[in-house]
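Notes follow once the structure below has been shown.
Both backbone and side-chain heavy atoms feed into the values below; hydrogens, waters and symmetry mates do not.
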Amino acid sequence: MKLSVVILNYNVRYFLELCLKSVEAAIQDIDAEIIVVDNLSPDDSCEMIKTQFPKVILIENTVNYGFSKGNNIGVAKANGEYVCILNPDTVVAEDTFKKVLAFAENTPDM
């Protein structure tokens with residue numbers, strides 16, 4: 001697997017939905033996975049992921065571990081050669097990951 005996109009979520013369902021739509025479009029031709037770590041959101045973020053994004057790997061924390069530990073939980077689950085930690089209020093362009101991966105592959109001392 002080339003890329004793992006890790007998104008830590010807490011109670012931002014609307015933004016997360018937009019983020020996931022953009023990430024799915026951007027990884028269309030890439031061997032990639034999307035991992036969402038939810039830090040015990042009181043909204044319906046997890047249900048939205050399960051129904052609208054069934055291919056997303058969802059980790060539902062039973063405790064809000066905070067930013068660092070929440071991201072580390074997702075990174076530990078990642079299988080990609082490259083890992084992108086993405087905030088849930090981010091919308092990426094369709095060529096974002098292709099450009100980033102091309103840069104990484106062509107920059108040996110990165």
Hey, could you give me the [atom1]/[atom2] distance between [X] and [Y], rounded to the nearest 0.5 Å?
X	Y	atom1	atom2	answer
Cys46	Leu40	SG	CG	8.5 Å
Asn39	Asn61	CG	CG	5.0 Å
Ile35	Asn79	CD1	CG	6.5 Å
Asn71	Ile85	CG	CD1	4.5 Å

State plainly whether one hydrophobic cluster holds both [X] and [Y], where clusters connect Ile, Leu, Val, Met, Phe, Trp and Tyr through side-chain heavy atoms under 4.5 angstrom apart.
X	Y	result
Val91	Val56	no
Val92	Val5	yes
Val37	Val12	no
Phe53	Leu86	yes
Val63	Leu8	yes

Whether over 12 other heavy atoms sit under 6.0 Å from Phe15 CZ: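 Incorrect, the count does not exceed 12.
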Do [X] and [Y] have side chains that approach each other closer than 4.5 Å (heavy atoms only, starting at C-beta)?
X	Y	answer
Asn11	Pro42	yes
Glu24	Leu20	no
Lys55	Ile34	no
Asn9	Ile49	no

Chi angles and distances behind the side chain to side chain contact (heavy atoms under 4.5 Å, CB included) call for Val36, Leu58: CA-CA 5 Å; Val36 174; Leu58 174 61; 4.2 Å; yes
Closest approach of [X] to [Y] (non-hydrogen atoms, all atoms of both residues):
X	Y	result
Ala32	Met1	C-SD, 4.0 Å
Arg13	Asp43	N-OD2, 3.2 Å
Pro108	Asn106	CD-O, 3.5 Å
Gly80	Ser4	N-OG, 2.7 Å

Evaluation steps, side chain to side chain contact (heavy atoms under 4.5 Å, CB included), between Phe67 and Asn87: CA-CA 10 Å; Phe67 184 78; Asn87 284 342; 3.9 Å; yes
If only atom types and distance count, is the side chain of [X] paired as donor or acceptor with the main-chain N or O of [Y] below 3.5 Å?
X	Y	answer
Thr107	Ala104	no
Gln52	Glu17	no
Asp38	Ser41	yes

Stepwise salt bridge (Lys or Arg N to Asp or Glu O under 4.0 Å) test for Glu105 and Lys2: CA-CA 11 Å; Glu105 296 286 323; Lys2 185 58 92 176; 3.0 Å; yes
Check against side chain to side chain contact (heavy atoms under 4.5 Å, CB included), Ile7 and Leu16: CA-CA 9 Å; Ile7 304 166; Leu16 179 62; 3.8 Å; yes
